[in-house]
> 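Would you mind keeping the following structure in view while I ask a few things?
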Amino acid sequence: MSSTRKQTFITQRLQILDAFLVWCGFALAYALRDPMIDVLNAIMEPMGHRFFKQAIGSIGDISSFLVVVVPFTPLLLEALGFY
């Protein structure tokens with residue numbers, strides 16, 4: 001395998017990994033959102049402050065956003081010269 005071809009293969013693997021990590025970041029943020037609001041409320045309520053949960057539905061509700069963000073993140077990173 002030539003050096004250029006090997007470098008292209010490595011870059012493509014990194015792009016797939018980056019897209020996967022972006023998706024994982026959204027999934028983790030979605031999973032931790034409500035528990036973190038509960039923790040913040042437990043800390044802030046004695047001081048008279050409260051964070052309110054807003055209904056965001058299931059992760060399927062943001063799937064149209066993920067369909068755009070996940071594939072275009074590696075493309076944007078490549079355009080900015082990160083690979």
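Every value quoted in this text rests on a predicted model; they were computed, and no experiment measured them. Any value given below was found using the heavy atoms of this structure, including those in side chains, with hydrogens, waters and symmetry copies removed.
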> Please report the C-alpha distance between Tyr83 and Ile10 in whole Å, then the side-chain angles of each, then the deciding distance to 0.1 Å, and finally whether the side chain to side chain contact (heavy atoms under 4.5 Å, CB included) criterion is met.
CA-CA 9 Å; Tyr83 297 115; Ile10 290 170; over 6 Å; no
> Side-chain heavy atoms under 4.5 angstrom apart, residues restricted to Ile, Leu, Val, Met, Phe, Trp, Tyr: same cluster for Leu80 and Leu14?
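Yes, same cluster.
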> Would you compute the distance between atom CG of Leu21 and atom CG of Leu28 and round it to the nearest 0.5 angstrom?
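That separation rounds to 11.5 Å.
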> Hey, does Val22 have a side-chain heavy atom less than 4.5 Å from the side chain of Val69?
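Yes. Closest side-chain heavy atoms under 4.5 Å.
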> Output all residues satisfying side chain to side chain donor-acceptor pair (under 3.5 Å) with Glu78, sequence neighbours left out; order by chain, then residue number.
Gln15
> Say whether Phe20 and Ile16 are linked into one hydrophobic cluster, either directly or through other cluster members, by side-chain heavy-atom distances under 4.5 angstrom.
no
> In terms of hydrophobic clustering (I, L, V, M, F, W, Y; side-chain heavy atoms under 4.5 Å; direct or indirect links), are Phe65 and Trp23 co-clustered?
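Linked, Phe65 and Trp23 end up in one cluster.
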> Would you give me the side-chain donor-acceptor pairs under 3.5 Å for residues 35-42, sequence neighbours excluded?
residue : atom : partner : partner atom : Å
Asp38   : OD1  : Lys53   : NZ           : 2.9
Asp38   : OD2  : Lys53   : NZ           : 3.4
Asn41   : OD1  : Phe51   : N            : 2.6
Asn41   : ND2  : Ile37   : O            : 3.3
Asn41   : ND2  : Phe51   : O            : 2.9

> If you compare all heavy atoms of Ala19 against all heavy atoms of Val70, which two are closest, and at what distance to 0.1 Å?
O-CG1, 3.5 Å
> To the nearest 0.5 Å, what is the distance between CG (Leu77) and OG1 (Thr11)?
12.0 Å
